[in-house]
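Single-structure report; data block below.
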Amino acid sequence: MSEPAKLSESINPQLNERFQALLAKYAAQHPGESAAQIEDAFQLALSLHAGQKRRSGEPYLIHPLEVAHILADMTSDGTCLVTGLLHDTVEDTPITIDELRKRFGDGVAACVDGVTKLSKLKFYDREERQAESVRKMLLAMVKDIRVVLIKLADRLHNMRTLGALPRDRQERIAQETLEIYAPIAHRLGMGKIRAELEDLGFQYTDPQAHGEILEAIDSKRKANQGLLEEIRGAVQTKLRREGIPARIEARLKRPYSIWQKLKRQKIGIDQVYDLLAVRIITDSVKNCYAALGTLHGDWHPIPGRIKDFIAIPRPNLYQSLHTSVIGPGGQPFEVQIRTEEMHRIAEEGIAAHWKYKEGKKGDLQQDEQQIAWLRQLVEWQREMRDPGEFMSTLKVDLFPEEVYSFTPKGRVIILPRDATPIDFAYAIHTEVGNQCVGAKVNGRIVPLKYGLKNGDVVDILTQQGHLPSKDWLSIAKTSKARNKIKAVINTTERAKAIEIGEKYLEREARRLGVQWKKITKEQLVSVASEYGFPKMEDLHAALGYGKFSPRQVLIKLAPEQVEEAERVSAPAEPAAPAQAKPDDKDLVIKVKGLDDVMVYRAKCCNPIRGEAIVGYITRGKGVAVHSLACNNVQNLMYEVERKIGVEWARAAEDTFAVKLTVYTDDRPGILSQLTSVVFHEGSNIRALEAQPDTQRSDGSAIISMVVDVRDKKQLERVIAAVRRISGVRDVDRVQ
Ligand code: MN
């Protein structure tokens with residue numbers, strides 16, 4: 001124990017003096033409690049930050065020490081003070097959270113960790129909407145409200161010493177303070193800290209306006225000072241006369257609130273007549289109303305300025321009566337009337353709730369407009385005997401219906417709870433959504449159906465030309481994503497249907513002996529309009545979707561030819577593929593001896609050129625073509641008479657889609673390498689999706705992809721090339 005003592009002797013006397021003052025504050029607030037951890041934290045911070053200097057040239061330790069002082073002024077508990085002293089050690093010195101945990105316990109470790117995480121967040125965007133989401137997100141992210149208090153104390157001290165920083169950083173930090181931290185202090189009801197943050201933020205974001213307001217106030221200082229004293233005296237006299245005990249504060253309004261008023265009312269500083277404000281703090285709610293009545297009895301109230309926040313507290317539990325009156329000599333001034341208890345809550349907010357066990361009962365609960373969390377806060381406070389326990393158990397779940405996630409660049413994306421990476425991708429951009437093939441959350445590949453959590457950093461993996469699939473509709477939670485997915489699916493399905501419908505019609509025309517070349521576009525358009533379609537494409541699409549048969553169209557175009565053909569030859573049209581939507585790729589397979597039979601490649605084995613194949617006549621869907629090696633073939637072939645010979649047609653340009661599964665290490669660059677080897681083999685990736693391998697816990701991934709190949713040989717080359725990529729463990733063709 002002699003070593004720390006020596007250290008403290010050798011330290012800067014100013015630091016030592018401030019630390020002694022901190023201990024004194026703590027001892028006064030927590031009589032009889034040990035300050036050993038606080039002393040230990042100070043010694044540790046002293047040695048860790050040794051040699052580090054603030055921009056002002058002062059020793060760095062001044063900062064954590066002053067942060068601890070601000071916390072002590074909120075009457076914070078020991079954990080808060082220890083965290084205040086250590087809050088920058090993990091970020092700026094070699095010590096780790098685990099080491100802090102061993103030395104100071106879980107509470108301190110969790111708080112330092114929380115503060116460190118918050119300071120790593122970057123708030124890039126400056127939009128108003130974005131500021132609101134950052135505020136919400138920040139509150140939603142912290143598990144222990146003490147983290148917010150420490151963060152606010154940290155920011156307050158940084159704002160107090162902002163003068164030492166270069167101008168651009170001053171501006172950025174001050175802006176962030178006004179947009180993020182002051183509103184959070186406000187939301188938590190911490191009026192005092194909020195006021196100081198706002199005035200400092202104002203001073204650095206708009207030094208000119210700030211200067212002008214100070215100057216204007218200063219030029220009238222003497223007159224104002226006299227007025228304030230006069231008003232104070234007059235109020236005092238009246239209240240005494242009525243027997244209302246009261247403490248009276250008379251003050252000038254804050255520069256920031258004057259500025260807000262100037263902006264709101266679009267007036268100049270000389271037009272602001274009520275720079276003066278009086279606060280009456282009395283002993284009971286009854287006396288609040290009595291004081292209001294007394295003032296209004298003698299001085300004329302300004303209409304529309306009376307507000308009863310006692311009967312209807314603000315959402316942050318603020319309570320007061322507000323009014324403005326025309327006082328002595330026609331001088332208007334603002335009045336706030338409240339009890340001591342209300343005053344404490346107005347100044348300290350959440351910190352006030354936390355430090356006194358004997359919470360006020362009844363009144364606070366009456367108002368239904370209080371937002372749920374603050375009501376809950378008060379409830380919990382009653383249930384728990386130890387306020388420290390109360391605070392550390394408290395989980396701030398202010399906005400349970402929303403999740404706050406980030407892009408890798410720090411932009412906040414707000415999504416509904418249970419949203420997935422697909423929602424995230426569409427929230428960024430429609431194309432990012434459409435081309436999404438996988439996602440990394442906090443650096444690791446996750447399934448697309450992963451439920452996003454607060455604070456997740458999401459990196460969307462995209463593949464050019466990729467399109468969403470139907471099953472995404474069950475994964476996406478936001479209506480934006482769902483609508484975009486539906487739109488793409490409808491468009492591609494329609495394009496396919498048009499193509500199929502067109503070919504189907506032509507083929508049937510040939511079969512029925514209709515002289516197709518003599519049919520004009522005009523004739524087709526006119527048939528289309530008979531069906532109520534404005535365009536020929538609509539007619540083709542309807543045929544492709546199987547809404548009616550080509551024969552119905554052809555009989556309108558060339559009734560004699562169709563009837564003649566049917567009378568002479570076939571008994572009937574072959575079973576029309578009502579629901580079948582054969583791919584035009586199927587035309588590369590021919591049924592032996594027959595030209596005009598609908599064929600399609602069976603989904604179960606998806607045969608490709610070069611493989612031995614066999615046809616099977618289905619009921620109403622044409623001929624299914626299987627690979628001879630297909631497992632289903634044996635079972636399907638029990639009706640031998642429905643088996644039919646098929647062969648590959650000669651068209652050489654066609655390709656086949658084949659689904660592959662790649663088992664691989666999840667390492668950076670794997671996707672681009674995969675893309676490049678497939679491309680190198682002259683093949684094309686039609687779809688790709690990366691998922692973590694849930695069977696393994698070592699960060700392996702499974703990549704599903706659909707490649708287009710010409711034949712069996714090309715497929716074998718692609719598979720071999722993918723196998724050669726380092727990190728790839730195996731490749732399967734999906735049957
Ligand atoms: Mn700090």
Side-chain angles (χ1 to χ4, degrees), residues 12 14-15 18-19 21-22 37-38 41-74 76-97 99-100 104 107-123 134 138-139 141-142 144-166 169-182 184-185 188 190 193-194 196-197 200-201 204 351 410:
N12 175 330
Q14 187 204 349
L15 284 178
R18 284 302 278 161
F19 181 60
L22 181 70
Q37 276 218 333
I38 299 171
F42 180 68
Q43 295 300 340
L44 180 62
L46 184 64
S47 62
L48 285 172
H49 289 299
Q52 294 179 353
K53 293 243 183 298
R54 302 204 86 206
R55 188 102 186 172
S56 60
E58 298 169 300
Y60 190 84
L61 194 63
I62 282 284
H63 169 64
L65 189 52
E66 290 305 318
V67 169
H69 264 283
I70 294 170
L71 288 164
D73 292 338
M74 300 178 195
S76 307
D77 63 3
T79 300
C80 266
L81 299 198
V82 169
T83 308
L85 290 168
L86 298 172
H87 79 273
D88 278 332
T89 55
V90 170
E91 194 163 9
D92 297 341
T93 79
I95 201 161
T96 65
I97 290 290
E99 288 168 276
L100 288 184
F104 296 97
V108 169
C111 283
V112 174
D113 193 36
V115 175
T116 308
K117 275 192 183 129
L118 288 189
S119 59
K120 278 188 187 144
L121 294 181
K122 291 178 191 133
F123 310 125
V134 172
L138 200 144
L139 288 176
M141 256 182 79
V142 294
D144 186 329
I145 198 71
R146 285 180 295 194
V147 170
V148 178
L149 301 188
I150 295 156
K151 191 67 204 163
L152 288 172
D154 177 41
R155 177 50 60 113
L156 182 56
H157 184 249
N158 283 333
M159 287 303 292
R160 284 177 182 170
T161 54
L162 201 58
L165 294 190
R169 289 195 60 203
Q170 285 180 352
E171 224 165 301
R172 188 181 63 74
I173 293 170
Q175 191 72 26
E176 196 178 84
T177 300
L178 285 181
E179 287 177 357
I180 313 291
Y181 292 99
I184 284 177
L188 299 178
M190 306 169 80
I193 285 196
R194 170 203 173 196
E196 196 177 345
L197 288 174
L200 287 164
Y204 287 101

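Position 1 is the first residue of the sequence, and the numbers go up from there. Every value quoted in this text rests on a predicted model; they were computed, and no experiment measured them. Just so you know, ligand 1 is whichever comes first in the structure, and atom 1 is the first atom listed for that ligand.
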What atom name does the N, O or S atom of His63 nearest to the Mn ion (ligand 1) carry?
NE2
Which of the N/O/S atoms in Asp88 sits closest to the Mn ion (ligand 1)?
OD2
Atom pair NE2 (His63) and CD (Glu58), whose distance is rounded to the nearest 0.5 Å:
11.5 Å
In Asp154, which N, O or S atom comes closest to the Mn ion (ligand 1)?
OD1
Rounded to the nearest 0.5 Å, what separates atom CZ in Phe104 from atom CG in Leu44?
5.0 Å
In terms of heavy-atom contacts, does CZ of Arg160 have more than 12 from other residues, nucleotides or ligands at under 6.0 Å?
yes
Check: Arg54/Thr161 side-chain N/O donor and acceptor closer than 3.5 Å
yes
